[in-house]
Amino acid sequence: MKRVFYTLALSILATCTTWAQDLPKPSPYGEVMQRIGLTDVKIEYSRPGVKERTIFGGLEAYGEVWRTGANAATKISFSTNVMIAGEEVKAGTYSVLTVPGEGAWKLMLNKDLGVSEGSYDAEKNVIVVEMEAQKIDRVVETLTFTFANVKEDAAEWTFEWENTMWTLPIEVKVDEQAMANIKEKIAEIEGAYGVYNTSARYFLDHDQDLEQALAWSKKSVEIEQKFWNVYTLSLIQAKMGNHKEAIKTAKISMDLAQKAEYKPYIKMNKENIEKWSKK
């Protein structure tokens with residue numbers, strides 16, 4: 001008898017497996033990812049449509065917690081610590097919950113990745129942010145998350161659905177991360193003149209410690225002279241107001257570029273020598 005039931009169970013399982021189908025979903029899965037500085041931000045969500053319904057104040061009631069998507073909780077991940085609307089959020093993955101309003105909305109990032117409206121626990125929130133939603137003069141049929149105005153250390157996290165949108169600023173401490181990476185890489189490869197050069201150039205381009213940039217640049221040139229690392233040294237010297245030394249260094253860089261037959265650096269050095277000679 002047991003054998004009959006076992007055989008029947010296997011038959012039913014096989015039949016169900018045969019019936020299983022991969023069909024289009026009314027609210028399809030979506031992803032959006034953006035690198036901000038050295039931080040990766042990723043949103044995973046299901047995207048419902050308006051479908052001629054009233055969404056906010058109708059399908060999604062004002063003043064009630066919403067998982068900000070369909071099918072399952074919307075999730076957002078950060079590869080490093082970030083600031084959202086001035087609130088610090090540690091690296092990790094969180095569910096995204098909101099409380100829609102006629103004007104004012106509330107956003108919560110929550111540690112429970114399987115959260116639903118019925119299981120929401122405010123004690124598991126890592127941040128709660130109040131924000132203003134705006135009415136827009138067009139209908140956004142499908143719920144959409146995007147990142148706008150992406151800069152080296154910030155971006156705007158934007159939500160749009162139906163005729164409503166909101167935006168929150170995300171900021172990252174890119175300089176701290178970059179400097180930590182620079183120091184780590186230099187410690188790892190003490191004799192790598194390319195690392196010293198790129199580190200010096202980063203400090204130069206971002207108005208960081210010029211004395212440190214000068215030391216790294218000189219270290220790079222001491223290890224091996226290339227037209228590009230000698231060029232960096234000339235830029236740092238000029239930035240520090242030492243135009244006489246900068247001109248001497250630029251002439252060395254130009255000579256090396258001529259030997260390498262690399263015209264862009266020949267041109268840039270000539271222009272710099274002419275400009276610095278007038279100082």
Side-chain angles (χ1 to χ4, degrees), residues 25-51 53-110 113 115 117 120 125-174 177:
K25 293 180 173 56
S27 301
Y29 174 80
E31 288 183 8
V32 59
M33 195 281 284
Q34 180 63 52
R35 171 158 285 201
I36 308 170
L38 298 171
T39 301
D40 291 327
V41 183
K42 180 180 180 182
I43 299 174
E44 302 172 80
Y45 65 119
S46 293
R47 306 182 62 192
V50 174
K51 300 175 183 176
R53 300 173 293 182
T54 298
I55 302 301
F56 300 113
L59 180 66
E60 305 301 339
Y62 291 135
E64 295 186 8
V65 174
W66 176 44
R67 60 189 167 188
T68 325
N71 300 334
T74 292
K75 301 176 184 65
I76 188 167
S77 303
F78 310 99
S79 63
T80 73
N81 296 352
V82 301
M83 300 290 288
I84 298 180
E87 298 284 335
E88 184 174 20
V89 179
K90 300 292 185 184
T93 302
Y94 306 95
S95 60
V96 179
L97 297 154
T98 51
V99 178
E102 292 188 66
W105 278 47
K106 188 184 293 183
L107 175 136
M108 299 84 74
L109 297 189
N110 193 278
L113 300 184
V115 69
E117 289 84 351
Y120 167 65
N125 288 338
V126 294
I127 62 163
V128 178
V129 175
E130 294 187 359
M131 58 192 176
E132 287 294 320
Q134 302 172 4
K135 294 296 181 183
I136 53 179
D137 58 3
R138 57 192 171 87
V139 175
V140 178
E141 174 62 30
T142 308
L143 190 156
T144 302
F145 285 110
T146 55
F147 295 98
N149 297 321
V150 179
K151 301 176 182 177
E152 195 172 72
D153 61 352
E156 293 177 354
W157 173 18
T158 300
F159 165 96
E160 293 182 305
W161 195 28
E162 194 189 26
N163 61 348
T164 299
M165 74 171 291
W166 51 255
T167 298
L168 285 174
I170 298 178
E171 299 172 287
V172 298
K173 296 178 179 178
V174 67
Q177 297 167 18

Side chain to side chain contact (heavy atoms under 4.5 Å, CB included) between Glu117 and Leu97, intermediate numbers included: CA-CA 9 Å; Glu117 289 84 351; Leu97 297 154; 5.9 Å; no

Assess whether side-chain hydrogen bond (donor to acceptor under 3.5 Å, both in side chains) is satisfied between Arg67 and Thr74, documenting all intermediate values. CA-CA 6 Å; Arg67 60 189 167 188; Thr74 292; over 6 Å; no

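Taking all atoms of both residues into account, the shortest heavy-atom contact from Val96 to Leu107 is CG1-CD1, 4.1 Å. Considering all non-hydrogen atoms of both residues, Gly37 and Val174 come closest at CA-CG2, 3.8 Å. Taking every heavy atom of both residues into account, Trp161 and Leu143 meet most closely at CD1-N, 3.3 Å. Closest heavy-atom contact between Val115 and Ser95: CG1-OG, 3.3 Å.
Ser79 is linked by a side-chain contact (heavy atoms from CB on, under 4.5 Å) to Thr39, Asp40, counting only residues two or more places apart in sequence or in another chain. Considering only residues two or more places apart in sequence or on other chains, Glu162 meets the side-chain contact (heavy atoms from CB on, under 4.5 Å) condition with Val50, Thr54, Ile55, Phe56. Partners of Ala70 according to the side-chain contact (heavy atoms from CB on, under 4.5 Å) rule, which considers only residues two or more places apart in sequence or in another chain, are Ser27, Ser46, Pro48. Evaluation of the salt bridge (Lys or Arg N to Asp or Glu O under 4.0 Å) rule for Glu160 yields Arg138 as partners, not counting sequence neighbours. Annotation: side-chain contact (heavy atoms from CB on, under 4.5 Å) contacts of Thr167 (sequence neighbours excluded): Glu156, Thr158, Met165. Under the salt bridge (Lys or Arg N to Asp or Glu O under 4.0 Å) criterion, Arg53 pairs with no residue at all, not counting sequence neighbours. When the salt bridge (Lys or Arg N to Asp or Glu O under 4.0 Å) test is applied to Glu132, no partner is found at least two apart in sequence or on another chain. Taking Lys42 as the reference, Glu31 meet the salt bridge (Lys or Arg N to Asp or Glu O under 4.0 Å) condition, with sequence neighbours excluded.
Applying the ring-ring contact (aromatic ring centres under 6.0 Å, His included) test to every pair with at least one member in residues 77-100, sequence neighbours left out, gives no pairs at all. For residues 56-65, the set of pairs meeting the side-chain hydrogen bond (donor to acceptor under 3.5 Å, both in side chains) definition, not counting sequence neighbours, comprises Glu60-Trp66. Residue pairs satisfying the side-chain hydrogen bond (donor to acceptor under 3.5 Å, both in side chains) criterion with at least one member in residues 96-106, sequence neighbours excluded, are listed as follows: Thr68-Thr98. The stretch residues 71-94 participates, sequence neighbours left out, in these salt bridge (charged side-chain N to carboxylate O under 4.0 Å, His left out) pairs: Glu88-Lys90.
The only member of Tyr45, Phe147, Trp166 that meets ring-ring contact (aromatic ring centres under 6.0 Å, His included) when paired with Phe159 is Trp166. Of the candidates Val32, Val89, Val41, Thr93, Val41 is the only one forming a side-chain contact (heavy atoms from CB on, under 4.5 Å) with Ile76.
Between atom CG of residue Asn125 and atom CG of residue Asn110 there is a gap of 5.0 Å, rounded to the nearest 0.5 Å. The CD1 atom of Ile127 lies 4.5 Å from the CD1 atom of Ile84; values are rounded to the nearest 0.5 Å.
The closest side-chain heavy-atom distance from Thr146 to Gln34 is not below 4.5 Å. The closest side-chain heavy-atom distance from Arg47 to Thr144 is below 4.5 Å.
With a 6.0 Å radius and a threshold of 12 heavy atoms from other residues, nucleotides or ligands, Lys135 has its NZ atom above the threshold.
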